[in-house]
Structures are given as C-alpha cells and as structure tokens.
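Naming: A, B, ... by sequence-line order, numbering from 1 per chain.
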Amino acid sequence: MSAQLKLYNTATRAVSEFIPLQPGKVGIYLCGATVQAPPHIGHVRSGVNFDILRRWLTASRYDVTFIRNVTDIDDKILHKAAHENIPWWAVAQKYERAFTEAYRALNVLPPTYEPRATGHITQMIELMQLLIHNGSAYAPGNGDVYLDVRHLKSYLTLSNQKLDDLQSAEDADLTYKKDPRDFALWKAAKPGDPSWPTPWGAGRPGWHLECSAMAHAYLGESFDIHGGGLDLIFPHHENEIAQSQSAGWGFANIWMHNAWVTASGEKMSKSLGNSLQVPEILKQVRGIELRWYLGSAHYRSMLEFSFNALQEAATNFCRIEGFLKRATDVLEVTPDGVIHEGFAEAMNEDLAVPTALAVIAEIMRNGNNALAAGDMVGVKTAASEIRGALAILGCDPFDTIFSNDENADAKVLDGLVSLALEQRAAARVRKDFAAADAIRDQIAALGVVIEDTAQGTRWSIG
RNA sequence: GGUCGGAUGGCCGAGAGGCGAGGCUCAGGACUGCAAAUCCUGCUACACGGGUUCAAAUCCCGUUCCGACCUCCA
C-alpha cells in the first residue's frame, strides 16, 4: 500500500498519521443507535462512513475489531413504550431490528460485536464502584450516582469548552448534585420503570455510562478509534472521556466524527416526518445507490439531501455499474478487485472519498475507451480497479448481498427476453426496421432497456 | 454568552497560495438504420469589502448570511 493513512482527530483538530496502539491491529468503537425510533438516512450515513473506514483499514491489512453498540435503555425508549403501550424491551427490539435491516440493505458490515447496554449492567456497576472509590463519583443517597465533573481537570477538552462557560441546565436540581453540571451515571428507579439492583439502590443506566463500560469490556483500557456523529462530541463523548479517564483508563486515541445529512441547510430531525426514513428512500432507489449517495461526500462535510441529488448519484452509479457489466460480458469472467494507487492515495488522506470518486471516473473513461478499442488488457485492468474501489466503498455490484434474484424466475425472464430479441434481430436482418422497433418499443414499455453493441444486443431492466 | 462549522458554476460536490477536481444536467459533434451505450468538445465558479503577495477560492482584517452544540441527537 502506498502512503501511510492519515486521519483527522477531533481531539487535536488536525489530520495526522494513523499509528495503531498495537502494530497491525485496530480497535474501533462506534456509537451506534439508541433504538427509540426508526433509522433515517442520517443514522445510516454514520454507519456507512465508518464502514468505509473499516473496509479501508481491513484492505490496508489491519486486523480490525469493530464494536458498535446498541443503547437499548434510555428515557426516550421508556417514553415510547408508555406512549405505544408496549413493553420497553419490545420497543428496543423493534427498532434494533429496523436498524439491522437498514444496515443490511446498505451493505454495512455487521460489527465484530454488537453489545447492548442492558447486557452490561455488571460492568457499569463495577465502573461506578471504581469511580466512587477513587472519589470521582458520588452516590448522594437518592439512588442516583453522579460524576463529579470538577474532579477531572481535563474535562471538556474534546469540545474545547470551559466548564464555567456552559449554560447550566434550567432544570438542574441541586438537592443531590454538588454541581449542576455533574451528570448522572445511574438513575434511581421510578415506579413502573425497569430497574436493576445496585449497592446504591435499584435503578437504570444513565446515557453515557454504557459506552465506557462496553468499550472497556471489548477493547480494553485504551483503544485506537472512537467514532460517532458530530452531535455526540458534547455531552456524550465528553462524558465518556470523563468517566473513563477518571477510572484511570487511557480510552480512545483518536476521535472521529461524521457530519450530518442536512435538509434545507438544517440538521435532519424527526420533525421531518417519515419521508427520509431508510425504508421510504429504498422505495425510490436501490440500497447500493443510496449507499453510493451517502458515501459520496466527505465524511466530515454536511451532506445536503435532496431527491434530485440522490437521483443524480444513482445515475452516476448506474454508469459505473454498466461499465462493469459490459466489461464482464466481454471478459467472460468477473474481474477480481485490485486497489488503484491513486484511489489508495485519496483514501489514505483522511478518507478523501470525493477525490477517490474522481479517480474512479478517470479509470472508467479509460475502461470505456479500451472496450471500444477491443483492448482486453485495458478492459480487465480498469474493471479490476473499479471493482476494487467499489468494494472499499461497499458498492460492489457483484457483492452477493446485492445480487438477490439468481433464481428460476430470472432464467425464465432471460429466455423470454432473448426470444423477443431474436425476433427483432431477424427483422433487422431483413431491414424491416418498423417491426424491429415495434418489438423494442413493446419490451421497453415493460421496462427492458436494449443496447445494440458490436458483440450483440444486451438487455437490462431499468 | 461560550464553543464549532459553513457560503464554490444550472444542480451536487472536492480543493486550501500558482498547473481549469469530479459527477449530474444541458448544448454541439463522432459512432449508429434509428435508438441506447460510449467517446470528444463546450458551459472558466469560489458570499461581500479591504489587505498581504510576483501570484489569493485558499492567508490576514472586517462585514453579511446560514447552521450546529451548550447535559439523554448519527
């Protein structure tokens, strides 16, 4: 692999060379979903961005351990449960499945492990005991446990804020908190809420504790990369750092944050309704096309959503896919993916996908010219390089996850279309273009597109 | 009030002192019975006002506008 990978680190606000803690190995913790609503495309953009990182690291011969959690207990889940009149665990499971389905549709690789918050209560209690024992946290007797934010001098270094500049929460209750900015590691059980027993009374986890506990459980005291959406920098990631470092752990070496999908310049929110939920979008474009779109902007840039731009991305992808299919027909084998040097350079530069896409466009132009010239070596090279690049972006059309219907129906369809094309070919031979065009028009009306090439007529659905 | 991002051609979207990123759309051309696909050519942009420099979309100062976070958001 050519140059060394460089990554932007939110903590240092600079792009720097990636040096793993252990040579050849990378540990990544990504904040996954709080499963309290269906996934919208902003959620899955995060999944796609970090999936590209993971695939690139793997292609760069790192042994990657990728942990993406599910937060399956929190205030909103309990709210929803009350509102929908179903158990909280049913809410969590329902939306966890929806996320899993969305990730699958977009070819986001399953993480090495996907821990749930409720499965790690023991680790959370152990962490709280440690924090109380060393004076970083306190249990004031009401069943809550708080972290003492003034105890850790490095608090707020990730977001570069000063504790005294923070606007205090309006509803801060100082009956038990020493400082209004102290945050709850653990919340005392309210009647009807789920709870787990602890030395300080029955209760449930606060929002941030689970990530510290689970990152520690699977990646150890220090690990390479911690990721998540930009909006998690404060408070979530600051609080994770506070908990973990108060426990004496090194925690994350590099912090990476993906930007949002925006709509009309504004961060997407649930108030936009259902239209930007993943299953809705997938009624308009294929999963591979949505992924291409979501991955096409640099991960640190806002992606301004529009159906028009989505459609453009799909068109662009179809051209690339079309080249690969034509190349495969001519080569009579599916080319293996290889990594083009220019593509690697772009990816090594903090995952500069837009630059990488320009490289792909150039390779494709060369490939199409090679096809026209009958240069089989050139076709094979281009097809291999494009396939290699698409695999990193998770958009390899030959990936079995995207080729779902190699079944009996497909064979019947192929036979029927071929029959029609033979009729048309016969008409063309006798220069009966009216008949030939009539056949084409009829099958076109059914959605079958025809291309006449030097090697014969190709057809596709689209 | 504090912290952090933005503003680039018809649209999307890179770049971060000097060789017109790229894509999509559109127009013209080549190829074709016609289409389609493909290729070639064209469409020379960086919010505004100053400044630094041989050279500024990029650096500095100021201005306008937009957005995000400030304790349970990807």
Side-chain angles (χ1 to χ4, degrees), chain A residues 10 13 30-34 36-37 39-50 71 74-77 149 156 159-169 171-172 180-184 187 205-208 227-236 238-239 257-262 264-270 293 296-298 300-306 308-317 319-320 322-323 326 346 352-362 364-365 367-369 371-373 428 431 433-434 436-437 440-441 444 449-453 457-460:
Chain A
T10 306
R13 301 190 185 270
L30 174 64
C31 282
T34 298
Q36 43 99 2
H40 59 60
I41 55 174
H43 294 122
V44 288
R45 182 190 184 191
S46 180
V48 167
N49 285 158
F50 283 97
T71 296
D74 97 315
D75 285 3
K76 285 184 179 168
I77 293 171
V149 295
L156 301 182
S159 58
N160 195 28
Q161 298 178 97
K162 293 190 178 72
L163 193 57
D164 292 325
D165 289 341
L166 292 186
Q167 288 180 356
S168 294
D171 57 351
R181 287 151 301 211
D182 289 351
F183 61 90
K187 298 184 166 193
W207 178 30
H208 317 291
L230 208 51
D231 43 359
L232 296 182
I233 293 175
F234 184 87
H236 187 53
E238 289 288 10
N239 289 354
H257 294 95
N258 65 279
W260 302 303
V261 176
T262 56
S264 305
E266 290 183 25
K267 180 184 175 188
M268 243 170 64
S269 68
K270 290 161 205 96
Y293 173 61
S296 65
H298 186 90
R300 285 194 281 120
S301 296
M302 301 293 172
L303 177 63
E304 170 65 17
F305 178 82
S306 72
N308 189 40
L310 175 64
Q311 208 53 59
E312 283 181 5
T315 302
N316 176 225
F317 182 75
R319 281 193 64 217
I320 297 168
F323 166 72
R326 286 193 302 278
V353 173
T355 306
L357 297 188
V359 173
I360 291 174
E362 191 190 332
M364 195 173 70
R365 205 162 38 245
N368 275 319
N369 281 322
L371 265 178
R428 291 178 73 206
K431 306 260 187 223
F433 296 120
D437 289 355
R440 182 172 62 194
D441 290 348
V449 179
I450 292 176
E451 296 168 34
D452 292 323
T453 75
T457 302
R458 300 180 72 246
W459 68 273
S460 57

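Atom pair A/Glu362:CD and B/rG23:P shows a separation of 10 Å (rounding to whole Å applied). Put simply, NE2 on A/His257 is 14 Å from C1' on B/rG5, counting in whole angstrom units. Note: CG (A/Asp165) to C1' (B/rG2) measures 4 Å, nearest angstrom. What separates CH2 of A/Trp207 from P of B/rC69 is a distance of 12 Å, to the nearest Å. As rounded to whole Å, 7 Å separates atom C1' of B/rC73 from atom CG of A/Leu232. Taking atom CZ on A/Arg300 and atom C1' on B/rA68, their separation rounds to 16 Å, with Å as the unit. We find that CG of A/Leu230 is positioned 12 Å from P of B/rC70, with the value rounded to whole Å. One atom, CD1 of A/Ile233, and another, C1' of B/rC73, lie 12 Å apart when rounded to the nearest Å.
A/Val44 comes within contact range of no nucleotide atom at all, as no heavy-atom separation falls under 4.0 Å. Residue contacts for A/Asp231: at a heavy-atom cut-off of 4.0 Å it reaches a base atom on one of the strands shown. Residue A/Gly228 is classed as a sugar-phosphate contact, given heavy-atom separations below 4.0 Å to backbone atoms only. Counting non-hydrogen atoms under 4.0 angstrom, A/Asn239 reaches a base of the nucleic acid. In this structure, A/Asp75 reaches the bases: a heavy-atom distance under 4.0 Å links it to at least one base atom across the strands shown.
The P atoms of B/rG5 and B/rA16 are separated by 16 Å, rounded to the nearest whole Å. If you take atom C1' in B/rU41 and the same atom in B/rG20, they sit 15 Å apart, rounded to whole Å. Remark: the separation of the C1' atoms in B/rA30 and B/rC59 is 46 Å, to the nearest Å. Between the C1' atoms of B/rU58 and B/rC43, the separation comes to 24 Å (whole Å). Rounded to a whole angstrom, the distance from the C1' atom of B/rU63 to that of B/rA7 is 14 Å. Comparing B/rG13 with B/rG17, their C1' atoms are spaced 22 Å from each other, to the whole Å. B/rU32 sits 36 Å from B/rG10 when the P atoms are compared, rounded to a whole Å. The same atom, P, is picked in B/rG51 and in B/rG29; the two are 48 Å apart, to the nearest Å.
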Please tabulate, one pair per line, each protein N/O and nucleotide N/O from nucleotides 13-20 of chain B that are separated by under 3.5 Å, including the distance.
residue: B/rG13; atom: OP1; partner: A/Glu304; partner atom: N; Å: 3.0
residue: B/rA14; atom: OP1; partner: A/His298; partner atom: N; Å: 2.9
residue: B/rA14; atom: OP1; partner: A/Ser301; partner atom: OG; Å: 3.1
residue: B/rA14; atom: O2'; partner: A/Thr355; partner atom: OG1; Å: 3.4

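Legend: residues meeting side chain to side chain donor-acceptor pair (under 3.5 Å) with A/Thr10, ordered by chain and number and at least two apart, are A/His257. A search for salt bridge (charged side-chain N to carboxylate O under 4.0 Å, His left out) contacts involving A/Arg45 returns nothing, not counting sequence neighbours. By the side-chain contact (heavy atoms from CB on, under 4.5 Å) test, A/Ala358 is found to be paired with no residue, residues two or more places apart in sequence or in another chain being considered. With sequence neighbours left out, A/Asn239 forms a side chain to side chain donor-acceptor pair (under 3.5 Å) with A/Tyr155, A/His208. With sequence neighbours excluded, the residues satisfying side-chain contact (heavy atoms from CB on, under 4.5 Å) with A/Asn160 are A/Arg13. Taking A/Glu362 as the reference, nothing meets the side chain to side chain donor-acceptor pair (under 3.5 Å) condition, with sequence neighbours excluded. A/Ser460 pairs by the side chain to side chain donor-acceptor pair (under 3.5 Å) definition with nothing, not counting sequence neighbours. The salt bridge (charged side-chain N to carboxylate O under 4.0 Å, His left out) test applied to A/Glu451 returns A/Arg458, not counting sequence neighbours.
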Dot-bracket for RNA chain B, please, read 5' to 3', with Watson-Crick or G-U wobble pairs under 3.5 Å on both distances, ( ) within the strand, [ ] crossing, | other strand, . unpaired. (((((((..(((.....[...))).(((((.......)))))....(((((..]....))))))))))))....
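Between A/Arg13 and A/Leu156, it is A/Arg13 whose nearest contact on RNA chain B lies nearer the 5' terminus.
The phosphate of B/rC73 has OP1 or OP2 within less than 4.0 Å of a side-chain N or O from A/Lys76. The phosphate of B/rC69 has OP1 or OP2 within less than 4.0 Å of a side-chain N or O from A/Lys267.
Closest to the side chain of A/Thr34, from the set B/rA74, B/rU71, B/rC24, is B/rA74.
With A/Asn316 contributing its side chain and A/Glu312 its backbone, the two residues share no donor-acceptor pair below 3.5 Å. At distances below 3.5 Å, not a single donor-acceptor pair connects side-chain atoms of A/Arg440 with backbone N or O atoms of A/Ile450. Between the A/Glu238 side chain and the A/Ser159 main chain, a donor and an acceptor come within less than 3.5 Å of each other.
With contacts defined as side-chain heavy-atom distances shorter than 4.5 Å, the pair A/Tyr293/A/Phe317 does not qualify. Contact check for A/Thr71 versus A/Pro205: no side-chain heavy atoms found under the 4.5 Å cut-off.
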Just distance, no hydrogens or angles: give the donor-acceptor pairs under 3.5 Å from side chains in residues 227-235 of chain A, sequence neighbours left out.
residue: A/Asp231; atom: OD2; partner: A/Trp260; partner atom: NE1; Å: 3.4
residue: A/Asp231; atom: OD2; partner: A/Lys267; partner atom: NZ; Å: 3.2

I'd like to compare against my own output: the B/S/- annotation of nucleotides 28-43 of chain B with a strict under-4.0 Å heavy-atom distance to protein. -----BBBBSSSS---
